[in-house]
Enquirer: 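This is the structure, below, for whatever I ask next.
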Amino acid sequence: MAHFRDLPLLFERIREAHAGVEFVPFSVRRKDDSQSPMYVERLKRIDDHHVLLQAILIRKAPVKLAPASPQSAWSSPFFEHMEEAGVLLCTNGEVMKINSAFTKEYGWTEEDLVGGILPYVPDDLREEFELTRARLLAGEKKINLDTVRLKKDGTRVPVSIRAYPVFDSDGRLAGTTAMLISKESAAATQSLIQLQERIIKDRDQLIVDIMENTDLGVGQYDYIRNRFIYLSPAIRGLFEVELNEIYVNAFAFQKYVHPDDREKMADVLCNPDSNGEMDFRVIVPGKGLKWLRTKSVPIYDDEGRIVRLIGFTQDITRQKFSEEISLKWEKLGMVGHLAAGIAHEVRNPLTAVKGFMQLLDETGSAGDYAEIIMDQLERIELIVNELLMLAEPHEEDEMRPADLEKVLSEVVPLLKAEARMHNSTIRFKIQGGPLPAVCKTDEIKHVIINLVKNSLEAMPDGGTINISAWTNDGGPVIEVRDEGIGIPEERLTRLGEPFYSNKEKGTGMGLMKSFKIMERHGGTIEFESEIGKGTTARIRFPIDSETTIS
């Protein structure tokens with residue numbers, strides 16, 4: 001049935017079908033060389049010796065042709081300005097019009113082509129061109145063709161052609177049009193698109209990697225849908241709430257937020273213009289208190305309405321702790337200077353009074369009251385010396401290498417006697433071997449005694465105090481843990497401040513003095529507490545690699 005000139009094409013496609021090559025529809029002329037070519041729309045291998053071929057006549061019904069129109073009758077801004085090379089042909093195959101993209105891509109101008117019969121088609125492909133044109137004239141609506149065309153300089157260019165029939169207002173075929181895409185240009189464009197897609201993908205992946213692995217919590221709230229649409233993994237650790245809970249209920253992140261801070265947080269979420277940054281507290285049972293800081297950035301639409309809110313949350317507990325410690329040391333410093341001034345002012349007249357009392361006692365004129373007066377004067381002198389302890393250290397305050405295990409062994413027996421008076425027990429545990437530290441042993445004993453006395457007063461019904469000591473990478477540590485009433489979370493950070501006390505009639509001088517001693521030693525005092533379960537005080541000493549115990 002096929003024309004003898006089309007047999008090579010037909011046999012080649014049959015071989016490709018046997019080889020499993022992807023099938024592309026094609027056309028062949030009929031054996032009698034009529035104007036009704038066959039369109040092969042299916043070619044499938046059956047077995048080693050047979051293929052299934054399905055073909056139809058291209059021309060099913062005659063197509064009415066429109067009368068020839070002058071070139072000036074064809075004008076289309078779309079045709080002129082589209083980026084693909086375009087050519088418009090008359091029904092007889094003559095070039096009627098080309099666009100600027102065609103000239104730019106192939107070098108041909110309208111003067112070169114209009115009125116001619118396709119000089120840009122290679123001679124060996126003229127029959128292919130005529131067959132394609134015949135298919136359009138026969139009524140096909142679209143033809144895709146991979147072929148070759150010539151540039152003006154004779155260069156052969158592989159192209160992909162999309163060809164369409166053009167009808168006039170009466171439905172008559174007025175011509176054909178074809179868009180030509182250079183495979184080289186298409187490949188370059190595709191390569192550029194792939195590069196851009198890869199850059200976008202890499203950028204998106206980079207953003208995801210940053211968000212998924214940073215300790216900065218990132219959340220995006222959508223005001224249209226009234227819910228969070230993105231939460232980074234860090235949010236879970238910061239708020240101690242599962243992400244799914246927050247996705248389901250936008251306010252679930254407030255589960256452990258301090259009650260005094262919840263209203264302010266809700267105001268930021270509901271009124272993002274009110275305040276873009278806030279610090280707040282999170283209290284998780286069994287994990288204590290931490291400070292978080294959230295900065296919110298609203299996202300606006302074209303009409304100026306807030307559609308989304310992006311929040312960045314970070315843990316600032318250490319920063320807050322450092323600020324509070326700095327403020328506490330500053331207050332202690334001021335109190336120390338004040339105490340030194342008062343102590344010196346009192347000590348001078350006190351010395352004079354004490355001297356005269358000793359003279360009166362020697363002469364016997366003081367009577368029976370001399371001993372009482374001297375006891376009280378010595379008591380006043382002791383208080384003055386304690387005030388001086390709050391001041392800067394004196395030259396005689398020399399620190400020496402010491403064994404904290406020995407210090408504790410000396411002070412614990414005295415404390416056990418005190419504990420029995422309060423119906424309490426002290427348990428002492430220490431690691432094997434010495435605990436070297438550079439310190440003033442009398443001052444360290446004072447700190448330990450003060451902490452133990454506080455623990456005893458916190459257990460009005462009695463209980464057990466555990467004193468333990470060890471050395472870690474950060475240096476020696478002494479711990480005093482009781483079973484008392486505990487200290488509220490909001491009061492823990494204020495312990496050690498001048499004149500601040502948890503006791504009804506306390507002045508706060510004891511802890512303030514202890515903090516001052518540890519400051520001079522380069523160490524710290526830390527507190528952990530839970531209401532109804534007790535308080536733990538932890539004394540930390542700095543590392544001194546040159547420490548030797550004498």
Side-chain angles (χ1 to χ4, degrees), residues 1-17 21-43 51 53-63 65 68 85-98 102 105-108 112-166 173-184:
M1 69 173 187
H3 194 280
F4 74 94
R5 290 185 178 178
D6 291 340
L7 290 178
L9 173 63
L10 182 61
F11 292 151
E12 179 184 358
R13 292 302 178 89
I14 291 174
R15 284 193 297 270
E16 290 177 351
V21 177
E22 182 180 358
F23 173 73
V24 178
F26 64 98
S27 300
V28 293
R29 289 164 293 185
R30 296 181 68 185
K31 188 173 184 178
D32 57 3
D33 201 15
S34 68
Q35 295 300 316
S36 300
M38 303 293 293
Y39 181 60
V40 181
E41 61 180 3
R42 189 179 181 197
L43 194 62
V51 294
L53 185 151
Q54 183 175 342
I56 59 172
L57 281 173
I58 290 178
R59 178 176 293 177
K60 296 182 179 180
V63 176
L65 301 180
V87 58
L88 188 63
L89 306 177
C90 299
T91 53
N92 62 1
E94 292 182 0
V95 177
M96 185 183 301
K97 198 172 187 63
I98 62 173
F102 189 96
E105 182 74 26
Y106 301 99
W108 300 97
D112 299 325
L113 300 181
V114 172
I117 304 294
L118 304 172
Y120 60 89
V121 178
D123 291 338
D124 58 320
L125 296 175
R126 288 300 178 101
E127 291 184 3
E128 177 193 64
F129 167 76
E130 291 297 340
L131 179 60
T132 303
R133 189 172 68 86
R135 289 169 57 187
L136 291 172
L137 294 176
E140 283 197 53
K141 302 300 182 183
K142 176 183 177 182
I143 296 177
N144 293 324
L145 178 67
D146 291 332
T147 185
V148 174
R149 291 293 180 259
L150 296 175
K151 288 188 175 182
K152 188 174 181 179
D153 61 6
T155 304
R156 294 173 67 94
V157 181
V159 296
S160 291
I161 296 179
R162 296 196 303 271
Y164 307 89
V166 178
L173 185 65
T176 60
T177 185
M179 268 72 79
L180 293 79
I181 301 174
S182 167
K183 288 189 176 182
E184 295 175 354

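Here the structure is a predicted model, which is why all the values come from computation and not from measurement.
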Enquirer: Please tell me if the side chains of Phe23 and Val40 come closer than 4.5 Å, counting only heavy atoms from C-beta onward.
Expert: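 With C-beta onward as the side chain, the pair touches.
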Enquirer: To the nearest 0.5 Å, what is the distance between CD1 on Ile143 and CG on Leu136?
Expert: 4.0 Å
Enquirer: First locate atom OG1 of Thr132, then atom CG of Leu137, and finally report the distance between them rounded to the nearest 0.5 Å.
Expert: 11.0 Å
Enquirer: Is the closest side-chain heavy-atom distance between Glu105 and Leu180 below 4.5 Å?
Expert: no
Enquirer: Once side-chain hydrogen bond (donor to acceptor under 3.5 Å, both in side chains) is applied, do any residues pair with Asp112, and if so which ones, sequence neighbours excluded?
Expert: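 With neighbours one apart ignored, the set is Thr109, Lys152.
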Enquirer: Minimum heavy-atom separation for Pro122 to Arg149, with atom names?
Expert: CD-CA, 4.1 Å
Enquirer: So how far is it from Asp124 CG to Arg156 CZ, rounded to the nearest 0.5 Å?
Expert: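 Taking CG in Asp124 and CZ in Arg156, the distance rounds to 5.0 Å.
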Enquirer: Looking only at non-hydrogen atoms, find the nearest pair between Ser27 and Leu131 and report the distance.
Expert: O-CD2, 3.2 Å
Enquirer: Closest approach of Ser182 and Val157, non-hydrogen atoms and distance?
Expert: OG-CG1, 3.6 Å
Enquirer: Please step through side-chain contact (heavy atoms from CB on, under 4.5 Å) for the pair Val95 and Leu89, ending with a clear verdict.
Expert: CA-CA 5 Å; Val95 177; Leu89 306 177; 3.8 Å; yes
Enquirer: If you take all heavy atoms of Ala85 and Tyr106, which pair is closest and at what distance?
Expert: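 For Ala85 versus Tyr106, the nearest heavy atoms are CB-CE1, 3.7 Å.
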Enquirer: For the residue pair Ala55 and Leu53, what are the closest heavy atoms and their distance?
Expert: CB-CD2, 3.9 Å
Enquirer: Test side-chain contact (heavy atoms from CB on, under 4.5 Å) on His3 and Val28; report intermediate values, then the result.
Expert: CA-CA 7 Å; His3 194 280; Val28 293; over 6 Å; no
Enquirer: Do you know which two heavy atoms are closest between Tyr164 and Met179, and how far apart they sit?
Expert: CE1-CE, 3.5 Å
Enquirer: Is any side-chain heavy atom of Val87 closer than 4.5 Å to a side-chain heavy atom of Leu113?
Expert: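 The answer is no, as the side chains (C-beta and beyond) never meet within the 4.5 Å cut-off.
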Enquirer: Among Arg135, Glu128, Arg162, exactly one meets side chain to side chain contact (heavy atoms under 4.5 Å, CB included) together with Leu145. Which residue is that?
Expert: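 The residue from Arg135, Glu128, Arg162 that satisfies side chain to side chain contact (heavy atoms under 4.5 Å, CB included) with Leu145 turns out to be Glu128.
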Enquirer: Got a sec, which residues hit side-chain hydrogen bond (donor to acceptor under 3.5 Å, both in side chains) with Arg133, two or more places apart in sequence or on another chain?
Expert: Glu130
Enquirer: When rounded to the nearest 0.5 angstrom, what is the spacing between CD in Glu94 and CG in Leu88?
Expert: 12.0 Å
Enquirer: Under 4.0 Å between a Lys/Arg side-chain N and an Asp/Glu carboxylate O for Arg13 and Glu16?
Expert: yes
Enquirer: With heavy-atom distances below 4.5 Å as the criterion, would you say the side chains of Leu150 and Val121 are in contact?
Expert: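 No, side chains not in contact.
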Enquirer: Going from CD1 on Ile161 to CG on Asp146, what distance comes out if it is rounded to the nearest 0.5 angstrom?
Expert: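 It is 9.0 Å, given to the nearest 0.5 Å.
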Enquirer: If I take atom CG from residue Leu43 and atom CD from residue Gln54, how far apart are they, to the nearest 0.5 angstrom?
Expert: 10.5 Å
